[in-house]
Amino acid sequence: MINAEKLLYESVQKALVELYSLSTATITFQKTRKEFEGDFTLVTFAFTKETKKAPEQLGKELGEFLLHHNPAIAAYSVVKGFLNLSLSNAFWLTYFNAIKDLTDIGHQKENSSGKTIMLEYSSPNTNKPLHLGHVRNNLLGFSVAQILKANGHTVVKTNLVNDRGIHICKSMLAWQKFGHGETPQSAGLKGDHLVGKYYVEFDKAYKKQIEEHIAKGISKEEAEKTAPLMLEAQEMLRQWETGNTEVVKLWKTMNDWVYEGFAVTYKTLGVDFDKMYYESNTYLLGKEVVQEGLHKNVFFKKENGSIAIDLSADGLDEKIVLRSDGTSVYVTQDLGTAIERFKEFPGLEQLIYTVGNEQDYHFKVLFKILEKLGYTWAKECYHLSYGMVELPEGKMKSREGTVVDADELLQEMYDTAEATTKDLGKVEGFTEAELDELYRLVSLGALKYFILKVDPKKKMMFDPKESIDFNGHTGPFIQYTHARIKSVLRKASDMVHSDIPGIELNAIEKEIIKSIYDFESVVTEAGQFYSPALIANYTYELTKLYNRFYHEFSILKEENNDVKNFRLQLSKASAQVLSNGMALLGIKVPERM
RNA sequence: GGUCCCAUAGCUCAGCUGGAUAGAGCACCGGUUUUCUAAACCGGCGGCCCUUGGUUCGAAUCCAAGUGGGGCUACCA
């Protein structure tokens, strides 16, 4: 592939050697800011010391040299210490001809890097439906998987379902006590919502019991531990662990309800997994690892019989890895699961956990312990940590019902997409099925883009009172532009696909080609930083650029056939890049809207 | 207390790995359609880039301290 920076780099390197005998300088280019003439900029301040020349003088001499030694450089200008270089019209046209028909532009062939990466995401609890926080997790995980594939890696998407534990027993107990045999069918509720309802019920009844105890003069802490409901839930968990048939049966029934519900939400969101893990199968893993660590003196036994590791030398604290009663804690399971995965996939080169930043500390501990145990792959474990979605009132809490429910949000988005589309009245001739498909596409485009355009590391604000926009810096804006291009292409029956001859590019056409040129490096960068936001913001820039071009210049009515044909092909290539970029976000683009 | 993260326009966010006059969208005000989709385009309004020091030819960006906000600091998961 044609690489402009490399071309310039070699020329500048040569110039520095020949003009100033300077061979050790580090040369980097940046894109020329749009208020100046040029494509790439070399900052000459960096070389003033070694050459003992003023920045402007340096710029002129270098510019002059480059102009005469590199035919791809058409012009230069010097502003203060900035040498702005313009590549020739011919250079950009050659580049465009090389890429204009690529349908996989920006996407390397999957597995071309030979690297296999496991990416875990979603990992829900089976005691409540998914909310907006989970939506961010799912969209982020899915998108990062797409981006890593586009960078040539093989990606195994996994979901580790938290299907057991005290929180699950809480829903089960509340259903048993207050449910009167209610089922998703009888209640007319999605299974996950039904189970979630009883999780909230439990919390209500539990809080009431605590209050009653406190009224009797018992301390809050004591009341929380001794409330009958809590004791019953704990007893239920013990029975589950011993395999009590009745408890296990109830557990299976209610979990199945939840899975049916999740399946619907996952399908709507358009996310999927290559391999499912269930905590009910993995929660005992890691106990042998503890023994192994004890042998190696990585862990030590405390007086009360629990086993711990001292990480204070690494800036962390002491951490229990096995309780005094011999049962495992969270980190025990994660140790076991990680080791199991590397055994199961011997070629695995990286293990990524998509989990919120509230668990930053947990993963630091986990990776440090793996390292201490001598697993060399520990450094290939990565916590893809993302910020919380916050409401104006603060954090979402499932127990207290202060959450934005995923299914409700998706339905609201769908309704808005339908209403907006009908208002605009541009869907004549669409069948009912096509309309449904369009509403899904647009509503999901709006939601996904809204979430993914924000840097994953940062927390984000969501105000349920202000609906997600369909205008401006949004998914539908990009989808619309794609549909608009497709509309033009449908009308261009006489489009020729041969290479573009030497026409003169106007400023904005050149900008679009340059923007397309950037796509590949943006995909690489997004892969390095695990950041769909880079892709989102890139596609937006290209879209804005195209819309300005579309508004200022006629395509179909252009009289010069070469120019017309070029504009058609430029449009086609732009649509392709937008489509490929959006695909990396898990967003589909329509042919018409 | 310890530790980690965050702070940019009224609001939501870009600007990460130092560079030229700090950018978008929304909101608000105004304009563009006999022409390829107006979910669009153009213009206006709007900034002590939290504060103070430091490094540098150059700092929103790097370093230090402070202020404000949030997370974590369980023999819960």
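Sequence lines set the chain letters: A, B, ... in the order given, protein chains first and strands last, and positions in each chain run from 1. Model, not experiment: these values are computed from the prediction.
Stacking between A/Phe36 and the base of B/A20 is present: ring centres sit under 5.5 Å apart and the planes differ by under 30 degrees. For A/Phe45 and B/G58, the ring-to-base geometry does not satisfy the stacking test (centroid distance below 5.5 Å, interplanar angle below 30°).
Checking B/A20, B/A24, B/U17 against the side-chain heavy atoms of A/Tyr540 singles out B/A24 as nearest. Residue A/Asn537 places its side chain closer to B/A14 than to any other of B/A20, B/A14, B/U73. The side chain of A/Arg592 lies closest to B/U37, out of B/G19, B/A77, B/U37. Picking from B/A20, B/A77, B/C41 the nucleotide with the shortest atom distance to the side chain of A/His167 gives B/A77. Looking at the side chain of A/Glu279, the nearest of the listed nucleotides B/A77, B/C26, B/C41 is B/A77. Closest approach to the A/Tyr330 side chain among B/U37, B/U32, B/A77 is made by B/A77 (side chain taken as heavy atoms from C-beta onward). Of the candidates B/C4, B/U73, B/A40, the closest approach to any side-chain atom of A/Asp360 belongs to B/C4. Of the candidate nucleotides B/A40, B/C36, B/A14, B/A40 has the atom nearest to the side chain of A/Asn547. Across B/A77, B/C4, B/C36, the shortest atom-to-atom separation from the side chain of A/Lys364 is found for B/C4. Here the side chain of A/Asp469 is nearest to one of B/C36, B/U37, B/C26, namely B/C26.
Look at A/Lys207 and A/Asp203 and you find a salt bridge, because one of the NZ, NE, NH1 or NH2 atoms lies within 4.0 Å of a carboxylate O, short of that distance. Taking 4.0 Å as the cut-off between side-chain N and carboxylate O, A/Asp518 and A/Lys514 do not count as a salt-bridged pair. For A/Arg440 and A/Glu437, the salt-bridge test fails: no basic side-chain N is under 4.0 Å from an acidic carboxylate O. Salt-bridge check for A/Lys60 with A/Glu56: failed, with every basic side-chain N at 4.0 Å or more from each acidic carboxylate O.
For A/Arg484 and B/A38, the shortest distance from a side-chain N or O to OP1 or OP2 is below 4.0 Å. Between A/Lys458 and B/A7, a side-chain N or O to OP1/OP2 separation shorter than 4.0 Å is present. For the pair A/Arg33 and B/G23, the criterion of a side-chain N or O lying under 4.0 Å from OP1 or OP2 is met. One finds a side-chain N or O of A/Asn471 lying less than 4.0 angstrom from the OP1 or OP2 phosphate oxygen of B/A40. Between A/Lys491 and B/U37 there is a side-chain N or O to OP1 or OP2 distance below 4.0 Å.
Evaluation of atom-type donor-acceptor distances gives no pair under 3.5 Å for the side chain of A/Thr481 against the base of B/A40.
Using modelled atom types, one finds no donor on one side chain facing an acceptor on the other under 3.5 Å when comparing A/Tyr538 with A/Glu525.
Counting any heavy atom pair closer than 4.0 Å across all strands shown, A/Met593 reaches a base atom. In this structure, A/Glu541 reaches neither bases nor backbone, as no heavy-atom distance under 4.0 Å exists between it and the strands shown. Here A/Tyr480 lies in heavy-atom contact (under 4.0 Å) with a base.
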Side chain to side chain donor-acceptor pair (under 3.5 Å) between A/Tyr277 and A/Glu120: does it pass, once the steps are laid out?
CA-CA 10 Å; A/Tyr277 289 92; A/Glu120 178 187 303; over 6 Å; no
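When the C1' atom is compared between B/G43 and B/U34, the two are found 25 Å apart, to the nearest whole Å. The P atoms of B/C29 and B/A38 are separated by 24 Å, rounded to the nearest whole Å. Here, B/G68 and B/U52 have their C1' atoms 15 Å apart, quoted to the whole Å. Across the P atoms, B/A22 and B/A65 are found 30 Å apart, a figure rounded to whole Å.
Remark: A/Arg136 fails to qualify as a cation-pi partner of A/Tyr386 under the 6.0 Å distance and 45° angle criteria applied to the six-membered ring.
With values rounded to the nearest 0.5 angstrom, A/Phe553 atom CZ is found 10.0 Å from A/Arg548 atom CZ.
For the pair A/Leu578 CG and B/A40 P, the computed distance is 14 Å after rounding to whole Å. Here the P atom of nucleotide B/G70 and the CE atom of A/Met461 are 11 Å apart, to the nearest Å.
Stem list for RNA chain B (at least 3 consecutive Watson-Crick or G-U pairs, distances under 3.5 Å): B:1-7 with B:67-73, B:10-13 with B:23-26, B:28-32 with B:40-44, B:50-54 with B:62-66.
Classified by interplanar angle (parallel below 30°, tilted 30° to 60°, perpendicular above 60°), the ring pair A/Trp240/A/Tyr283 is tilted.
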